[in-house]
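In what follows, a single structure is set out as structure tokens and then discussed.
In this chain, residues are counted from 1 in sequence order. Atoms within a ligand are numbered from 1 in the order they appear, just like the ligands themselves.
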Amino acid sequence: MPNPPAQTPDDVAPAVSELDTIVSLAKRRGFVYPSSEIYGGINAVWDYGPLGVELKNNVKRAWWRAMVQERDDIVGLDAGILMAPQVWVTSGHVGSFSDPLVECQTDHRRFRLDELPGAENLSATDLRDPGIVERLGLKCPVDGGPLSAPRRFNLMFKTFMGPVEDDAAVVYLRPETAQGSYVNFKNVQQSSRKKLPFGIAQVGKSFRNEISPGNFVFRMREFEQMEMQYFVKPDDAAAAFEEWLPRRWSWYTRFGVTESRLRFREHAADELAHYAKKAVDVEYRFPFGWKELEGIHNRGDFDLSRHQAESGQNLEYFDPATEQHFIPFIVETAGGPDRAAFTFLIDAYREEEVRGEIRVVLGLHPDLAPYKVAVLPLLKKRPEIVEICHRLRDDLARDVMAVYDDTAAIGKLYRRQDEIGTPWCVTVDVESLEDGAATIRDRDSMTQERVPIDNVKRMILERMTAARG
Ligand code: GAP
């Protein structure tokens with residue numbers, strides 16, 4: 001594993017020291033808003049604004065490109081959010097998908113035990129100890145009141161299917177996309193004629209009734225996942241697991257995440273999720289500490305064996321080479337576009353002094369930037385200039401996200417585009433009317449290049465291809 005030496009939060013500085021810097025930029029510039037804000041909001045749900053939806057779509061596209069388009073051994077799937085409730089009994093989620101919850105006896109606030117001050121570093125065994133609150137003398141962090149013994153709180157959201165709201169009609173909002181890939185294993189394998197090893201990739205919404213959501217979009221109750229299930233022969237699972245670690249690491253660095261702010265962390269045996277034989281997280285140094293960005297799991301034959309046993313359907317794979325029937329093992333890469341977009345946003349943020357003023361720049365990779373190019377008139381009072389700008393933007397917009405802006409002086413327009421990560425600005429000026437040329441300004445170097453207007457689009461597309469490497 002390309003892991004730097006063991007790090008504590010203090011060894012590596014976050015890209016941004018205060019989370020508020022990102023939260024306020026996100027709100028001000030239209031990346032992320034609190035959900036239902038005019039009604040006071042709803043906890044742990046966030047809405048993506050005009051720039052946020054572009055960023056998140058670009059993250060999902062970049063993941064799909066790397067995981068499906070560029071590989072011939074992985075195919076896509078889009079399974080339903082609602083599934084037969086038995087799926088979640090078989091998968092172990094009804095019985096085991098829970099966090100330890102404690103309740104203050106005086107103000108009845110509820111907390112996740114492992115996030116209480118003094119309990120952050122407890123082992124999974126300690127977290128299951130019913131006497132842990134007493135043993136450590138833990139108190140309510142708000143009013144200092146006594147806390148209950150921990151109990152397990154199931155994170156799945158329930159709803160009812162059909163017109164009758166009784167126990168028989170309960171269905172769950174999926175807490176992971178993975179199960180949709182497992183129950184479709186045979187469908188996908190047979191219809192796409194894939195041989196082992198092969199993978200199924202999914203991007204989509206998942207829901208968890210988190211006890212203590214927070215840190216902006218880091219932990220939400222409604223979020224998206226980007227998960228890939230790689231089916232392998234049992235003997236190949238350990239090697240496949242090791243191969244996926246550097247691949248997933250380099251996907252983040254390829255799109256700009258600073259290597260020293262990433263690390264791998266292997267789960268201790270008593271911390272493993274109920275389905276995992278082995279798990280390693282890719283962690284990022286967020287402003288609030290090292291936290292999981294993505295998990296890579298060796299799930300063994302846990303899921304397919306259980307679905308086979310409970311559904312009564314044969315989920316074995318027939319290997320024509322050895323003429324053997326067996327249940328494949330699964331290596332899973334489990335990330336999410338919300339957490340990934342958040343990470344790209346934080347890591348891209350920088351403030352630098354230019355001619356005595358602070359310039360805020362989002363150094364986003366061009367593939368991720370919401371707008372690839374902004375077309376700006378130097379003089380908005382000259383209709384000929386404005387017309388050229390609109391024509392150019394319309395032409396660019398056939399291939400990339402391009403925006404026109406004339407609502408301020410040119411210096412301010414550049415700063416606005418820097419702050420939202422637009423890699424290139426194209427300025428049309430009075431001279432353009434004479435020489436048919438425009439200026440392309442680069443976000444990072446701030447260098448300007450004069451080029452024929454007819455070449456602008458080709459040059460932007462070439463730069464995009466070059467950035468992709
Ligand atoms: N199928 C395995 C699984 O779901 P996980 O580590 O619980 O594994 C995978 O979740 C990824 O989903 C996380 O690494 C994170 O990127 C994203 N994720 C999980 N819970 C989330 C939440 N409450 N808010 C935002 N993203 C979340």
Are any of the heavy atoms in [X] under 4.0 Å away from ligand 1?
X      : value
Arg221 : no
Asp281 : no
Arg299 : yes

ask   = Using a distance-only test with no angle check, is there a side-chain donor-acceptor pair under 3.5 angstrom linking Asp347 and Tyr284?
value = yes
task = Give a yes-or-no answer on whether the side chains of Glu332 and Trp244 include a donor-acceptor pair shorter than 3.5 Å.
result = no
query = Are Lys56 and Tyr48 in a cation-pi contact, defined as NZ or CZ under 6.0 Å from the six-membered ring centre and within 45° of the axis?
reply = yes
Region of [X] engaging ligand 1 - heavy atom pairs below 4.0 Å:
X      : result
Thr177 : neither
Glu227 : side chain
Tyr275 : side chain

remark   = The residue among Arg28, Arg359, Arg443 that forms salt bridge (Lys or Arg N to Asp or Glu O under 4.0 Å) with Glu419 is Arg28
request  = Considering only NZ, NE, NH1 and NH2 on the basic side and carboxylate oxygens on the acidic side, decide whether Lys233 and Asp235 come within less than 4.0 Å.
outcome  = no
query = Would you say Pro175 and ligand 1 have an N/O pair spaced under 3.5 Å apart?
reply = no
query = Based purely on interatomic distance, does His297 place a nitrogen or oxygen under 3.5 Å from a nitrogen or oxygen of ligand 1?
reply = no
query = Which one of Met220, Met228, Arg208 has a non-hydrogen atom at the shortest distance from atom 23 (N) of ligand 1?
reply = Met220
task = Test Val45 against every option in Pro213, Ser36, Ser35 by the side-chain contact (heavy atoms from CB on, under 4.5 Å) rule and name the one that passes.
result = Ser35
